[in-house]
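Reminder, nothing fancy here: chain letters follow the sequence lines and each chain counts from 1. Computed from a predicted structure; not experimentally measured.
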Amino acid sequence: AQTVTQSQPEMSVQEAETVTLSCTYDTSESNYYLFWYKQPPSRQMILVIRQEAYKQQNATENRFSVNFQKAAKSFSLKISDSQLGDTAMYFCAFMAPRSSNTGKLIFGQGTTLQVKP
Amino acid sequence: EPEVTQTPSHQVTQMGQEVILRCVPISNHLYFYWYRQILGQKVEFLVSFYNNEISEKSEIFDDQFSVERPDGSNFTLKIRSTKLEDSAMYFCASTLGYNEQFFGPGTRLTVL
């Protein structure tokens with residue numbers, strides 16, 4: 001069974017600085033997708049970034065980038081130039097199409113990020 | 001921009017009562033999901049639905065739960081006899097395929 005682990009329950013960063021959130025996962029699949037979702041206080045789930053396992057290039061979306069280490073089964077999220085609006089809970093999620101032909105997401109426990117002014 | 005909608009935003013019910021949570025997925029999507037998040041905990045998969053039938057369900061999704069897509073647009077989650085431990089945020093999500101799932105804003109269920 002696949003598992004996703006986020007070992008940092010809480011983190012804080014000063015506005016305009018850079019922060020990295022960690023995520024590790026366990027799977028025997030070779031083809032899968034990884035996601036970072038943001039959940040602000042409104043509790044809406046918002047996709048931040050997506051990475052396909054077959055792609056060696058790390059995904060980037062504006063201030064958000066990932067460090068995908070397939071051999072180490074690690075998928076960290078880097079937020080550059082942190083903004084107050086980045087304050088939220090961040091969830092790492094995994095999806096393996098072959099073992100779960102429904103595409104269900106498996107989530108980590110979440111990391112609460114606070115951006116301080 | 002199309003979005004997933006959910007109603008109600010907050011439902012309060014007495015233990016043992018039936019509740020129906022409603023979702024309208026994005027219109028051209030094919031796969032539909034319900035997830036649950038107990039306050040302060042991680043988001044957990046409940047059930048997936050494709051081609052008008054359940055394609056996968058978790059251990060949480062026992063006989064008290066059911067899903068339906070009655071009219072081709074709505075996607076509902078029914079809990080027949082609610083328990084205190086059903087209190088949680090329930091998220092509906094939809095996707096066209098094996099890529100981004102779009103989440104609704106959630107329904108907060110409080111069981112008293």
Just by modelled atom types, is the A:Gly103 backbone N or O under 3.5 Å from a matching donor or acceptor in the B:Glu56 side chain? no
Using a heavy-atom distance cut-off of less than 4.5 Å, which residues of residues 102-112 of chain B contact chain A? B:Phe103, B:Gly104, B:Pro105
Just wondering, do B:Phe91 and A:Gln39 contact through their side chains at under 4.5 Å, heavy atoms? yes
Nearest-0.5 Å distance that lies between atom OH in A:Tyr37 and atom CD in B:Glu100: 5.5 Å
Roughly how far, to the nearest 0.5 Å, is the CD atom of A:Gln44 from the CD atom of B:Gln6? 8.5 Å
More than 12 heavy atoms from other groups under 6.0 Å of NZ on A:Lys73: yes
Identify whether B:Phe32 and B:Ile54 are in the same connected component of the hydrophobic contact network (ILVMFWY, side-chain heavy atoms under 4.5 Å). yes
Highest number of heavy-atom pairs under 4.5 Å with chain B among A:Arg43, A:Glu52, A:Gln109 belongs to A:Arg43
Might you confirm whether atom CG of B:Leu39 has over 12 heavy atoms from other residues, nucleotides or ligands at distances under 6.0 Å? no
Counting heavy-atom pairs under 4.5 angstrom with chain A, the leader among B:Glu44, B:Gln41, B:Gln37 is B:Gln37
Would A:Tyr25 end up clustered with A:Tyr90 when hydrophobic side chains under 4.5 Å apart are linked, directly or stepwise? yes
If you count every heavy atom of other residues, nucleotides or ligands that lies below 6.0 Å from A:Lys70 atom NZ, does the total exceed 12? yes
Between the main-chain N or O of A:Leu105 and the side-chain N or O of B:Tyr35, is there a donor-acceptor pair closer than 3.5 Å? yes
Does CG belonging to B:Asp62 count more than 12 external heavy atoms closer than 6.0 Å? yes
In terms of heavy-atom contacts, does CZ of B:Arg22 have more than 12 from other residues, nucleotides or ligands at under 6.0 Å? no
Within 6.0 angstrom of B:Asp71 CG, more than 12 heavy atoms from elsewhere: yes
Output for pair (A:Lys104 NZ, B:Ser55 OG), nearest 0.5 Å, gives 10.5 Å
Indicate if B:Tyr33 and A:Phe91 have the same hydrophobic cluster label, given that clusters are the connected sets of ILVMFWY residues with side-chain heavy-atom separations under 4.5 angstrom. yes
Look at atom CD of B:Glu59 and say whether more than 12 heavy atoms of other residues, nucleotides or ligands are closer to it than 6.0 Å. no
